[in-house]
Undergrad: 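I am attaching a structure below and will ask some questions about it afterwards.
Both backbone and side-chain heavy atoms feed into the values below; hydrogens, waters and symmetry mates do not. Letters A, B, ... are given to chains in the order of the sequence lines, protein chains preceding strands, and every chain is numbered from 1.
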There are 2 protein chains.
Amino acid sequence: MSLEVGLKAVALRAGVSPATASNALSGARHVAEATRQRVFDVAEAMNYHPNLVARGLRRQETRTIALLVADIANPYYPAVARAVHDRVDAQGYVSFIGNTDGDPDAEVRVLQEMRSRSVDGVIMGTMALSPERIRSVLGPIIPLVLLTGEAIASPGHGARTLRADEVGTDDAIGIGEGVAYLQSKGIGEIGFISGPADSIPGGGRLECFRAAMATADIALDDKWVEHASGYTLEAGLDAAERLLSLPNRPKAIMCANDLIALGVLEAARDHDLHVPTDLAVIGFDDIPTSKLVNPRLTTIINPATLVGYACADALMRRLEHPDSPFGHVALPTHLVVRASA
Amino acid sequence: MSLEVGLKAVALRAGVSPATASNALSGARHVAEATRQRVFDVAEAMNYHPNLVARGLRRQETRTIALLVADIANPYYPAVARAVHDRVDAQGYVSFIGNTDGDPDAEVRVLQEMRSRSVDGVIMGTMALSPERIRSVLGPIIPLVLLTGEAIASPGHGARTLRADEVGTDDAIGIGEGVAYLQSKGIGEIGFISGPADSIPGGGRLECFRAAMATADIALDDKWVEHASGYTLEAGLDAAERLLSLPNRPKAIMCANDLIALGVLEAARDHDLHVPTDLAVIGFDDIPTSKLVNPRLTTIINPATLVGYACADALMRRLEHPDSPFGHVALPTHLVVRASA
DNA sequence: CTGTTAGCGCATTCAA
DNA sequence: TTGAATGCGCTAACAG
């Protein structure tokens, strides 16, 4: 009934058994050159293409991976997704994409879904679930790459039991550079806008910030630490409004991501504050927009493409060498001074 | 050997046959309430989740779709991807993502790949292949939604033989508004920067532009029509350099997309041209960046989220009603006047 | 209402 | 070097 030509049809027309046709095409076993050629010709003539679902069931290997992020429309992720795609595509893998909005229930649901679909690997930028929970939902087998800034805060954290590779950014470098830079300009009244209080990447960056302030020996007023309700411009604007309405407001604001920082820029405009003289603003991520806004955003470069490559490479490596030691890659972040600080 | 609990294991523990367990869980056939409850309890206790690869093979329905675009990192697509994801996710479908860079070979390759993977449907924003070619590579069965601005240039174009739904934008509306707006400001020397000469969306927009100029009764100097080498800021900058170096340059430039327009903005800066007084610039798409740059970009809104919804809805509709008439949706575009024109 | 049989399309045993 | 048989995990058809 099926209109697709299957291996059986090719074998029939080539006058061989399905097994031989399979071997001829895949090269798994040796086949007489004449036979091989004949099978190839017939397959080509009949426009045969293997059914990858059936192959996946049989081989217990689907050559699919899952890329799970909070929101593909968040400007940081597309570059990661593209980089991952390019790397795995070169190895014959295709990617499922999943958006979780950082909602723990959604994360569990989509992880379970991907497990049911027998993906060969998962790359996940979690916002809510602990690594242990992720591993437990995903089951003990499927290779997992964690895409998280916090990886570095606790290097190699439980890799043994977690059986996961970690790719992150060394946020402390860039944030340290940012604090030092502000200090060198004589600015000590530095505030920070993090993401939602319980979210992971922003929380890690906040910790980095606290550490950097301590290192720089600058007292940190806890009133100057705000939590945006999300990693969006609007949430950043709201949080900045609160910060700028304080009786004694900070002279500089560092942010957990660029969108929040863009919100701060808007808030500064609303308050008739000149950036950077009245208020210095430093973002995080260096999304494409950042070099195009006015004033151009001083920010900390989060190398999205390299992160994507590193995730894909870690996953491909584990698929080839399942028993290699688990690793964590920390890509450096760096301050890029533009016009906002 | 497999560590995953299968239906057989659940059936065994529940004391029923695999078929009954299947029916109890899926509800395909009626099962005694007591049995059903027992199967559910066992499944839950054993943490059973169906193997969707096996189900796909058996049901000849994978509940996967493919979203094929030129480049997910292009800022227009993430919003489309997110919208598609949300709609199909609600129906239990997951999305493969494919990037083709508008390369015809890559498009053929990924279409073939998706066909091999038995996706239930394809949403494709083609840049290079003709609809007929796409249909031929994809085979006659798999539902196809074409995401293309040109759909509207030739409404219902070959829908019968193509067996495809089309979702596009009515680019002529917004481009007509743009030309009329410039005319109302007394600007008649209008140039246009399209995408690569052989690419589809930019070509359609160029045609709209020519038509709008004719309607407005403005003579169009062909020297003022340029082709950018891609839909990027850099390509737009290059093309604009060529246009602005002309002995008699246009007083306004309309563009096939916003990134090209952002390149024009940079070129204008390089040439010490003040926007909009020396040079008016109008983009296309209204990507998030456009409202944040300086000067804020006057552009034509391409409702990416609505486009994504429409694509997903068209696909879901066809999956439910395979024989419904093929349709094409044209979402209106509109000029939004900001500061660059 | 439930169990048995069969097969989706392929790749891997085993045997020849 | 090749073919026949088997089963990946699930569900549909057919019996009972």
Undergrad: Using the side-chain heavy atoms of B/Ala28, tell me which of these nucleotides is nearest: C/dT2, C/dA11, D/dA12.
TA: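 My answer, after comparing the listed nucleotides, is D/dA12.
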
Undergrad: Compare side-chain N and O positions of A/Ser22 against OP1 and OP2 of C/dA11 and report whether any pair is under 4.0 Å apart.
TA: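 Answer yes for this pair, as a side-chain N or O of A/Ser22 is under 4.0 Å from OP1 or OP2.
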
Undergrad: Atom CG of B/Leu12 to atom C1' of C/dG3: distance rounded to whole Å?
TA: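 Value for this atom pair: 14 Å.
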
Undergrad: I need the CG-C1' distance between B/Leu52 and D/dG9, as an integer number of Å.
TA: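 About 11 Å, once rounded to whole Å.
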
Undergrad: Side chain of B/Pro50, heavy atoms from C-beta onward: which of C/dC10, D/dA12, D/dC10 has the nearest atom to it?
TA: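 Nearest nucleotide to the side chain: D/dC10.
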
Undergrad: Would you indicate what B/Ala19 reaches in the nucleic acid, counting non-hydrogen atoms under 4.0 angstrom: base, sugar-phosphate, or nothing?
TA: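 Counting heavy atoms under 4.0 Å across all strands, the contact made by B/Ala19 includes a base.
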
Undergrad: Of all the choices, D/dC14, C/dC8, D/dC8, which nucleotide is nearest to the side chain of B/Arg29 once you look at every atom?
TA: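 The closest nucleotide is D/dC14.
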
Undergrad: Quickly work out the A/Glu33 CD to D/dT2 P distance and round it to whole Å.
TA: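 In whole Å, D/dT2 P lies 11 Å from A/Glu33 CD.
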
Undergrad: From the set C/dG9, D/dT2, D/dG9, return the single nucleotide nearest to any side-chain atom of A/Ala54.
TA: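 When the side chain of A/Ala54 is considered, C/dG9 is the closest of C/dG9, D/dT2, D/dG9.
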
Undergrad: Compare side-chain N and O positions of B/Ser26 against OP1 and OP2 of D/dT11 and report whether any pair is under 4.0 Å apart.
TA: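 No, no such contact exists.
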
Undergrad: By nearest atom, which of the nucleotides D/dA12, D/dC8, D/dT2 is closest to the A/Arg58 side chain?
TA: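 The answer is D/dC8.
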
Undergrad: Figure out the CG/P separation between A/Asn23 and C/dC14, and round it to whole Å.
TA: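 Computing the A/Asn23:CG to C/dC14:P distance gives 15 Å.
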
Undergrad: Is A/Arg318 positioned over the aromatic face of A/Phe326, cation under 6.0 angstrom from the ring centre and no more than 45 degrees off axis?
TA: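 Yes, a cation-pi geometry holds between A/Arg318 and A/Phe326.
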
Undergrad: For the side chain of B/Leu57, counting heavy atoms from C-beta on, which of C/dC1, D/dC10, C/dC8 is nearest?
TA: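 That would be C/dC8.
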
Undergrad: Just the rounded figure in Å: distance from P of C/dC10 to CZ of A/Arg63.
TA: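 Atom-to-atom, A/Arg63 to C/dC10, this comes out as 17 Å.
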
Undergrad: When you measure from the centre of the six-membered ring of B/Phe40, is the NZ or CZ of B/Arg38 closer than 6.0 Å and no more than 45° off the axis?
TA: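 That pair does not qualify as a cation-pi contact.
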
Undergrad: Can you find a side chain N or O atom of A/Gln60 that sits less than 4.0 Å from OP1 or OP2 on D/dG9?
TA: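 The answer is yes; a side-chain N or O of A/Gln60 sits under 4.0 Å from OP1 or OP2.
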
Undergrad: Is a side-chain donor-acceptor pair under 3.5 Å present for B/His49 with B/Asn47?
TA: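 Yes.
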
Undergrad: I need the single residue from A/Val122, A/Leu144, A/Leu68, A/Val108 that forms a side-chain contact (heavy atoms from CB on, under 4.5 Å) with A/Ile134. Which is it?
TA: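 That would be A/Leu144.
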
Undergrad: Tell me which nucleotide among D/dT2, C/dT2, C/dC10 gets nearest to the side chain of B/Thr20.
TA: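 My answer, after comparing the listed nucleotides, is C/dT2.
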
Undergrad: Between atom CZ in B/Arg117 and atom P in C/dC10, what is the gap in whole Å?
TA: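 Interatomic distance, CZ of B/Arg117 to P of C/dC10: 14 Å.
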
Undergrad: Answer yes or no: does a side-chain N or O of B/Tyr48 lie under 4.0 Å from OP1 or OP2 of D/dG9?
TA: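 No, B/Tyr48 has no side-chain N/O under 4.0 Å of OP1/OP2 on D/dG9.
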
